[in-house]
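Have a look at the structure below before the remarks.
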2 protein chains.
Amino acid sequence: MARVRMRDVAEHAGVSVRTVSNVVSGYEHVSPDTRAKVQRSLDELGYRMDYLARGLRSGRTGFIALAVPFLAEPYFAELAQAVIRAAGRRGITVLVESTAGDSGVERQIIEGGLTNVADGVLLSALTLPAGDVAAKKPDFPLVMLGEHSVGDQFPRVGIDNVAAARTAVEHLLEQGCRWIVALGRNGSENGRQRTEGYEQAMSAARVRRVNWLVVPVEDWTRDQGYAAVRELLEGDGPLPDAIFAFNDALAVGALRALDASGVRVPEDVAVVGIDAIQESAYTHPPLTSIAPDLDAIAERALALLEEQIQSRGASEEAAPDGEAQVGAVVAAPQEPTPYRLVVRESSRREAPRE
Amino acid sequence: MARVRMRDVAEHAGVSVRTVSNVVSGYEHVSPDTRAKVQRSLDELGYRMDYLARGLRSGRTGFIALAVPFLAEPYFAELAQAVIRAAGRRGITVLVESTAGDSGVERQIIEGGLTNVADGVLLSALTLPAGDVAAKKPDFPLVMLGEHSVGDQFPRVGIDNVAAARTAVEHLLEQGCRWIVALGRNGSENGRQRTEGYEQAMSAARVRRVNWLVVPVEDWTRDQGYAAVRELLEGDGPLPDAIFAFNDALAVGALRALDASGVRVPEDVAVVGIDAIQESAYTHPPLTSIAPDLDAIAERALALLEEQIQSRGASEEAAPDGEAQVGAVVAAPQEPTPYRLVVRESSRREAPRE
DNA sequence: TCCAGGTCTTGCATCGATGCAAATGATCAC
DNA sequence: GTGATCATTTGCATCGATGCAAGACCTGGA
């Protein structure tokens, strides 16, 4: 059974190929009779659109690419799920790429490796050096997820990392914690911002500098969190009051390390994370975290991307060989998406210690 | 900057379009001179292949689709990651679909909704009724992941669910457990098989029937595991010895419920899961689980799929309007992929109780 | 009766690449 | 010198759909 093409349907129904196309695409000026007749042939032969051919001719494929560093990291998996769901509502199919934190792949994407397969790209960059994005000036629709895009050349969707970190730390301070360790500083922009939020909150609360501590890690993974806290516990000094982990994976690792050493949470050390991944409701004890609104992120990212996709179509008409004007269209800076503080046991203290 | 096409490169290099194509695709009979010249133009103009056009003409896109029920479920996320990695090694790009456990979407995929965008499909079906797959006889390359494909019409890759369940239960028996609850029976084929493995092990160990218990759930999620165990604990009877959860998500929920009720693991109740998701190494206590070899699954699934893809190309030549012969090509039943038992604290008993 | 203005339908060119087979040119054996 | 062989390069048709614009047909008003 070879493929059924529009031509086959057209012959079967006794109309032209173009008319079949009109029926399929829902063109309005088709007589009810013709439409019914064609529809019958369509069903009978089991016609299915060849998306490649349509994409080639029309310049739109109905696909977008989503690039995340590690799909196996819960946060990205949940983000991907949200994007896929939101895209489904818009009739868009998502092509998921895993860049594996390799800036080579990320760069390739920036340079348009997926253009004309995907109408646009959602990029959750991890390692990409700031300069690269700026330098490349991609000429296709692109929206950054999570990270501040340096120089704000492209729209970016995500929470305010500084504010989110500040909220988390303020919560710990409200619980009476005074000696709070920030866990997770690394080379990323995101890490820098969350560190800044931590410092703002500590500073505003007039916590003495000797009680500030920023612990570096390589990746934001459970095992790095575990290893870092393990090391912290092996020192002979007194324990901190609380740990603010830059994401939940680190927090999960921290909880495990504390548990293994018999440190009580939250009585001895309170813990807070960011992301509110599903797992965080099931840790021991359940983890307090900052919950970004993933659906809102996905929705807005797609809206922005579609905006770019449409304006691109238009601008290419207007200026066949002009400069890349994509960025300009969406010059308006985006407000950060909302987040919530989800308070669970890991940070709840009956009566502040101090 | 409009797109650079082969034609542009050809003009720039002073050769024919076909020669450019030959250089790009690595055709061997191209003189070094020409190749170098074309390559220079390619680089200079920044040529990038239009995959749609190539796919349309050649019938191969270099994409495969991976359909999983919930991408946000760690097991599927990790599976997807493994598939993406393995595909990357073969120069294949993966299109991830989330069927959301909706058999409508699954059926659509079976019926070929993605054909000629994807060269083949890897389907991890969840809800799809047995009959559907059998009835539809898809005429495109398809490999099932995880589930036994009913009637074995298509190749299927995955562990032996019965044996894996048996291994898990045998481990509990070896630890001295006698009253083991199986948690997770539901409508799925997978659930049936794991129940069977449980029964085989219990039966072989001559455990009294009164100590058998299979607890049903709707989905294999943390909250279902939590709710089911919660209910179990609220009964006034004595506690079971152990819980065998059909997957790690259920086990995580179970652990949380036990923890919340002050039941000690493994002293009071031992717990074992299946999947060995990354999270399972960080639970309280760390969870014993069955670890399928995801890389092996991904590798083999891709190998089988490529085999089908190639043989399809061939068979279409041979029999332009013949029946779907895809299934026949891979008639040889597949051996299950390997798995390991990963023993952690949740099931380790110093001295058996009984 | 004729034309304007609308609906409905169609043919042809085209998107950017590759399959096919033939043309060109070089090399070699006889 | 001549035909055969092989490497190299090319032109043309084609994959399956849509953009475009014109053609066919119908209606109602002058």
Side-chain angles (χ1 to χ4, degrees), chain A residues 2-39 41-42 45-63 112 114-117 119 313-314 316-317 320, chain B residues 2-39 41-42 45-63 112 114-117 119 313-314 316-317 320:
Chain A
R3 286 201 54 72
V4 178
R5 296 154 303 174
M6 277 198 179
R7 189 158 85 208
D8 304 315
V9 177
E11 280 171 15
H12 186 270
V15 297
S16 76
V17 176
R18 200 61 185 75
T19 297
V20 176
S21 171
N22 285 339
V23 171
V24 170
S25 64
Y27 181 63
E28 67 179 328
H29 295 306
V30 176
S31 74
D33 275 3
T34 308
R35 188 181 297 279
K37 188 171 56 179
V38 171
Q39 190 58 54
S41 299
L42 242 24
L45 299 180
Y47 173 77
R48 289 185 316 247
M49 171 70 77
D50 182 325
Y51 295 102
L52 292 185
R54 178 174 62 176
L56 174 59
R57 184 64 187 112
S58 70
R60 297 271 176 85
T61 58
F63 291 89
L114 289 172
T115 330
N116 70 30
V117 168
D119 296 334
E316 277 187 357
E317 295 297 321
Chain B
R3 286 198 54 71
V4 178
R5 295 154 305 172
M6 278 197 179
R7 187 158 85 209
D8 304 316
V9 177
E11 280 171 15
H12 186 271
V15 298
S16 76
V17 176
R18 199 62 184 78
T19 295
V20 177
S21 171
N22 285 338
V23 170
V24 170
S25 64
Y27 181 63
E28 67 178 329
H29 295 307
V30 175
S31 74
D33 275 4
T34 308
R35 188 181 299 279
K37 188 171 54 179
V38 171
Q39 190 58 55
S41 298
L42 242 24
L45 299 181
Y47 173 78
R48 289 185 315 246
M49 171 69 76
D50 182 327
Y51 295 102
L52 291 186
R54 177 173 64 175
L56 174 59
R57 183 63 191 130
S58 70
R60 298 271 175 84
T61 58
F63 292 89
L114 289 172
T115 330
N116 69 32
V117 167
D119 297 334
E316 277 186 357
E317 296 298 320

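These values consider heavy atoms only, across backbone and side chains, with no hydrogens, waters or symmetry-generated copies. Naming convention: chains lettered A, B, ... in sequence-line order (proteins, then strands); numbering from 1 in each chain. It should be emphasised that the depicted structure is a prediction, and the values quoted were computed from it without experimental measurement.
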Q) Are B:Arg54 and B:Arg60 close enough that some pair of their side-chain heavy atoms sits under 4.5 Å apart? A) no
Output yes when at least one side-chain N/O atom of [X] is less than 4.0 Å from OP1 or OP2 of [N], else no.
{"X": "B:Thr19", "N": "D:dT9", "value": "no"}
{"X": "B:Arg5", "N": "C:dG16", "value": "yes"}
{"X": "B:Tyr47", "N": "C:dA17", "value": "yes"}
{"X": "A:Arg57", "N": "C:dT14", "value": "no"}
{"X": "B:Ser21", "N": "C:dA17", "value": "no"}
{"X": "B:Thr34", "N": "D:dT9", "value": "yes"}
{"X": "A:Ser31", "N": "C:dT7", "value": "no"}

**Q.** Of B:Leu56 and A:Val20, the one whose closest DNA chain D nucleotide lies more 5'
**A.** B:Leu56
Q.
Need to verify one output field. Residue with the more 5' nearest nucleotide on DNA chain D, B:Ala53 or B:Val17?
A. B:Val17
Nearest-angstrom distance from the residue atom [atom1] of [X] to [atom2] of [N]:
{"X": "A:Met6", "N": "D:dG19", "atom1": "CE", "atom2": "C1'", "result": "13 Å"}
{"X": "A:Arg48", "N": "D:dA17", "atom1": "CZ", "atom2": "C1'", "result": "16 Å"}
{"X": "A:Tyr27", "N": "C:dT7", "atom1": "OH", "atom2": "P", "result": "9 Å"}
{"X": "B:His29", "N": "D:dC6", "atom1": "NE2", "atom2": "P", "result": "10 Å"}
{"X": "B:Tyr51", "N": "C:dA17", "atom1": "OH", "atom2": "P", "result": "11 Å"}
{"X": "A:Arg18", "N": "C:dT9", "atom1": "CZ", "atom2": "P", "result": "13 Å"}
{"X": "A:Leu52", "N": "C:dC15", "atom1": "CG", "atom2": "P", "result": "18 Å"}
{"X": "A:Asn22", "N": "D:dC20", "atom1": "CG", "atom2": "P", "result": "13 Å"}

Q: Describe the nucleic acid contact of A:Val24 in one word from base, sugar-phosphate, nothing, applying a heavy-atom distance below 4.0 Å.
A: nothing
Q. Of all the nucleotides listed (D:dT9, C:dT18, C:dT10), which has the minimum atom distance to the side chain of A:Ser16?
A. C:dT10
Please check: side-chain N/O of [X] versus main-chain N/O of [Y], any donor-acceptor pairing under 3.5 Å?
{"X": "B:Thr61", "Y": "B:Gly55", "value": "no"}
{"X": "B:Asp119", "Y": "B:Gly62", "value": "yes"}
{"X": "B:Ser25", "Y": "B:Ser21", "value": "yes"}

**Q.** Closest approach of B:Leu52 to B:Asp50 (non-hydrogen atoms, all atoms of both residues)
**A.** N-OD1, 2.8 Å
